[in-house]
Amino acid sequence: MRDFWPQVQALAGETLATTAQRRLFTILSVDADELWLEPHRTRKKRWLRRKDFEVLLQSGVDLKRLTRADIAEHMPNARFNTAYVYTILAHLGIIDD
């Protein structure tokens, strides 16, 4: 997954809908180390770290069968943001939704 983060960076400014509840969120910015997003419902900005994505992607979990529980287990810093992580990975085609 060498080119994973550049794909994430290309999402800056895009609005996505979570896969389960179809709740909209906008990816505000993506720099070298983190992603900032804003759920439309709460307008409370959240961040996700590149390092945490990399730990998940290198964990050995079957990415094609990835669940939100897997995300919470392998990305403990993102446990309240699993829907966003899942949606981003699905949008990029890294997991099947």
- In terms of side-chain heavy atoms, does Thr19 have a donor or acceptor partner in Arg68 at a distance below 3.5 Å? yes

- Message: Assess, by modelled atom type and distance only, whether the side chains of Thr15 and Thr26 contain a donor and an acceptor separated by less than 3.5 Å.
- Response: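 Judged by distance alone, the side chains do pair up.
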
- Task: With rounding to the nearest 0.5 Å, note down the distance linking CG in Leu16 to CG in Leu37.
- Result: 9.5 Å

- Thinking salt bridges, do Arg50 and Glu34 make one under a 4.0 Å N-O criterion? no

- Item | Any donor-acceptor pair under 3.5 Å from Thr82 side chain to Ile71 backbone | no

- Message: Within the supplied structure, the quantity of interest is the number of heavy atoms (other residues, nucleotides, ligands) at a distance under 6.0 Å from Lys64 NZ; does it exceed 12?
- Response: yes

- Would you find more than 12 non-hydrogen atoms of other residues, nucleotides or ligands less than 6.0 Å from Arg65 atom CZ?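 Result for CZ/Arg65: open.
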
What's the shortest heavy-atom distance between [X] and [Y], and which atoms?
X	Y	answer
Pro39	Tyr84	CG-OH, 3.3 Å
Asp31	Trp5	O-NE1, 2.8 Å
Ser29	Ala12	CA-CB, 4.3 Å
Leu48	Ala78	CD2-CB, 3.7 Å

- Query: Do the rings of Phe4 and Phe53 sit parallel, tilted or perpendicular, given the 30° and 60° boundaries?
  - Reply: tilted

- Task: Please assess Arg43 against Glu38 for the test salt bridge (Lys or Arg N to Asp or Glu O under 4.0 Å), listing each intermediate value before the final yes or no.
- Result: CA-CA 6 Å; Arg43 297 294 179 196; Glu38 181 179 65; 3.3 Å; yes

- Item | Side chains of Leu11 and Val30 in contact at under 4.5 Å (non-hydrogen atoms) | no

